[in-house]
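These notes are about the structure you will find just below.
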Amino acid sequence: MSIKSARTRVAPSPTGHMHLATARVALYDYLLAKKTGGQFILRIEDTDLKRTVPSTEQEIMDGLRWLGLEYDEGPDVGGKFGPYRQTERREIYAHHAKILMDHGHAYPCFCSRDRLEIARQEQMKRKENPHYDGTCRNLDPSEAARRITNGEAHTIRFKMPQEGVTVAHDHLRGDITTENKQLYDYVLMKSDGLPTYHLAAIVDDHEMEITHVLRGSEWLGTFPLHVNIVRAFGWDEPLWVHLSVFLKPSGKGKLSKRDTTLAMKDGYSVFIKDMNELGYTSEGVNNWIALMGWGVSKDDVMTVEQMIDRFTIDSLTPSPAAINFQKLDHFNATHIRLFTTEDLAARLKPYFTHNGLNVNDQVLLKIIPLLRERLVTLDDCLAFGAFFFQEDVTPNPEDLIAKGLDAKQSAQIAQRAYQIIAELPDLSHERCEPPLRAYVEESGLNPNQVFGILRVATTGQKVSPPLFESMEIIGKEKCLKRIKNALEILEKM
RNA sequence: GCCCCCAUCGUCUAGUGGCCCAGGACGAAGCCCUCUCAAGGCUUAAACCGGGAUUCGAAUUCCCGUGGGGGCACCA
């Protein structure tokens, strides 16, 4: 099947932290663009001056790059369809609003916010849908022009058809038919001279030659409006794809601020900026969000490159999806196991150094095979391997006592193990395991007791990577020192 | 209240009229492996929302319910 190249865009408004839903739209946009040899564009929809949080634009760009979704055009990379920030495109919107007015598809409205509010309340009292009542729709054009030249504050509204139906086509849902009387004359240009989403997005998508509009299903309500605006201009429509929303993990309701703080308490987040710090990889996150709203029948562990190969908008699903953090853990852990030793070492190093550990690169490379299949998140490396980079460990005295034994007996075991290890020419795991196992045999103890004491003594923790391999990397001298230290602790008990 | 959308295991999903007593993945349970923790292997439980209609035949088409979600701003 041959597909003509797609131009897609992700168009977030910089009003808050970049979250999962934005990332998913961006991913699908990116996949579609790359698959078809087209372009993926970042456009900043910053027309709401009151809600704009300046720092979030950078956060969005950083987030997309962290995910590996490099955009071909955007505010900081340019492109021939720029500018890519809507506040820098005012004349374009003003020009298009005028075209609409000249053709009778839009009109200036002088209604005050107060008047509108009162009208709305009366409508609600009468149990009617709160709609603009159309006061200015049929104003005499010359009077309207006079009031504008007088500098009277006004908005520009779209003249919606008042009868009949609008049929809008969504690629996943088919034709969506809406009675026009359900809609009303929406504001296109605000009194501050900036456009609303309805005008800005439609104009930009056309001007930027966007072929596929992927967006959240929260836009389904105004979808017929958008289609009417496109048709008023006489333009071709893009292919519309309304994605499902993300639901809370419980499946009850859409993800809210409250769920966000709840997630953080459990070590999870819905914000892209937090993912790295929490130890999640872009591979894990991409894989996770990709499959909420996109179904593959098998082999669901994929890199973005592999997704490009398999992605089609036809296989997107329209139903809402509850997010499931356990699945994020699974994908993250699976991708970690797929990384090469060198790659994983490079990714793990910052987590060690940011915790004040002095990382020896040779040692780091050696511990990777030991850590790899134990990590769910990258920062788990601290829990499993910090002791490799510490001079001393401080075991919990209680933990040094083996199950079923007392402190004295445990000390004897540690003492004997010390001797065995001290007599070895080196501490390779091949060399140290047999004599220690032989000792377990002849002593009548079970392996857990002996190796448990050694584990706690040499690593300082009850759970660690495999003991003999770990001891080899720690080194004979340091191991002996640590066992001696454990011995002293035991003797004092 | 009104409008729109959605509906397969707990969750994400495959399934486009017979290949389905419904497949995969996460999670759960059990067993194996085992120096801890993992990883890995094997196994088990677990779903077509309800009712009509079309058809020789429906998870798949249509209608009606029900449930869930979204929207109803000079916000996006």
Side-chain angles (χ1 to χ4, degrees), chain A residues 11-16 45-48 50-51 109 111-113 116-117 120 124 127-132 153-157 170 172-173 176-179 181-184 186-192 194-198 200-201 215-224 242 244-245 247 249-254 288 291-301 315 317-331 333 337 370-376 380 383-384 433 436-437 440 446-452 454-456 459 461-468 470:
Chain A
S13 56
T15 52
E45 308 219 325
D46 55 353
T47 56
D48 186 345
K50 288 185 210 78
R51 290 203 309 150
C109 170
C111 297
S112 71
R113 287 172 203 257
L116 257 20
E117 186 51 37
R120 182 174 301 121
M124 302 224 303
K127 302 218 170 188
E128 288 170 20
N129 285 345
H131 277 173
Y132 176 61
H154 66 282
T155 61
I156 293 169
R157 286 181 186 271
D170 174 85
L172 299 180
R173 299 155 214 268
I176 296 170
T177 304
T178 311
E179 288 182 88
K181 66 181 181 201
Q182 296 300 336
L183 276 352
Y184 62 99
Y186 286 79
V187 170
L188 257 25
M189 291 290 277
K190 299 182 276 186
S191 53
D192 65 2
L194 282 162
T196 58
Y197 172 89
H198 310 304
R215 39 143 58 162
S217 67
E218 64 268 23
W219 293 113
L220 238 24
T222 42
F223 185 25
H242 291 88
S244 61
V245 290
L247 269 26
S250 65
K252 302 270 176 204
K254 123 172 150 169
W288 181 48
L291 293 178
M292 287 189 284
W294 173 30
V296 296
S297 52
K298 58 178 177 119
D299 299 331
D300 62 357
V301 174
S315 51
T317 54
S319 41
I323 65 167
N324 180 347
F325 290 112
Q326 288 175 318
K327 207 134 184 172
L328 169 60
D329 282 339
H330 165 254
F331 282 122
R337 273 177 252 132
L370 266 38
L371 297 185
R372 182 184 276 121
E373 64 231 28
R374 275 164 255 268
L375 305 177
V376 172
D380 284 343
F384 278 107
E433 185 166 354
L436 285 168
R437 283 206 183 273
V440 168
N446 69 48
N448 282 338
Q449 293 173 311
V450 176
F451 300 154
L454 273 179
R455 180 188 317 283
V456 176
T459 70
Q461 49 200 55
K462 285 164 81 173
V463 173
S464 82
L467 178 64
F468 305 109
S470 295

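Order of the sequence lines fixes the chain letters, A, B, ..., with proteins taken first and strands second; residue numbering starts at 1 for each chain.
- Distance A:L370 CG to B:C37 P: 16 Å, rounded to the nearest Å.
- Look at B:C9: it lacks any Watson-Crick or wobble partner with both distances under 3.5 angstrom.
- In this structure, CE in A:M189 is found 10.5 Å from OG1 in A:T47, a value given to the nearest 0.5 Å.
- An OP1 or OP2 oxygen of B:C35 is reached within less than 4.0 angstrom by a side-chain nitrogen or oxygen of A:R437.
- The aromatic rings of A:Y197 and A:W219 sit parallel to each other, their planes meeting at less than 30°, with 60° as the upper class boundary.
- A donor-acceptor contact closer than 3.5 angstrom links the side chains of A:H242 and A:R215.
- Atom CE of A:M292 and atom C1' of B:C6 are 17 Å apart (whole Å).
- Comparing B:G41 with B:A22, their C1' atoms are spaced 26 Å from each other, to the whole Å.
- As rounded to the nearest Å, B:C62 and B:U16 have C1' atoms that lie 16 Å from one another.
- For A:N324, whose side chain is taken as the heavy atoms from C-beta onward, the closest listed nucleotide among B:C5, B:U36, B:C26 is B:C26.
- A:D300 has its CG atom 11 Å from the P atom of B:G27, to the nearest Å.
- Base pairing annotation: B:A14 forms no Watson-Crick or G-U wobble pair, as no partner gives both donor-acceptor distances under 3.5 Å.
- B:C26 atom C1' lies 14 Å from atom CD1 of A:I323, rounded to whole Å.
- Straight-line distance from the CG atom of A:D299 to the P atom of B:U13: 18 Å, rounded to whole Å.
- The separation of B:U8 from B:A58, taken at their C1' atoms, amounts to 14 Å, rounded to a whole angstrom.
- The listed nucleotides are B:A38, B:C35, B:A25; the one nearest the side chain of A:E373 is B:A38.
- Checking side-chain atoms of A:T15 against main-chain N and O of A:R51 turns up no donor-acceptor pair under 3.5 Å.
- Figure legend. B:C33 is base-paired to no nucleotide; pairs are counted as Watson-Crick or G-U wobble with both atom distances under 3.5 Å.
- Atom CG of A:N448 and atom P of B:C35 are 8 Å apart (whole Å).
- The nearest whole Å value for the distance from the CZ atom in A:F223 to the C1' atom in B:C4 is 12 Å.
- When distances are taken from the side chain of A:P318 to each of B:A38, B:C35, B:C6, the shortest belongs to B:C6.
- In this structure, A:F331 and A:W294 both approach RNA chain B, and ranking their closest nucleotides by distance from the 5' end singles out A:W294.
- Residue A:R173 places none of its side-chain N or O atoms closer than 4.0 Å to OP1 or OP2 of B:C4.
- Both distances falling under 3.5 Å, in either a Watson-Crick or a G-U wobble arrangement, place B:C72 opposite B:G1.
- Here A:G293 lies in heavy-atom contact (under 4.0 Å) with sugar-phosphate atoms only.
- The side chain of A:I176 lies closest to B:C5 when the candidates are B:C35, B:C5, B:C26.
- Take the nearest nucleotide of RNA chain B for A:R455 and for A:H330: the residue whose nucleotide is more 5' is A:H330.
- We find that NZ of A:K327 is positioned 4 Å from C1' of B:C26, with the value rounded to whole Å.
- In this entry B:U61 has B:A53 as its Watson-Crick or G-U wobble partner, both defining distances falling under 3.5 Å.
- For A:K298 against B:A14, no side-chain N or O and base N or O form a donor-acceptor pair under 3.5 Å.
- OP1 or OP2 of B:U13 lies within a sub-4.0 Å distance of a side-chain N or O belonging to A:T317.
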Contact state string [nucleotides 60-76 of chain B, B base, S sugar-phosphate only, - no protein heavy atom under 4.0 Å]: ---------SSSSSBBB
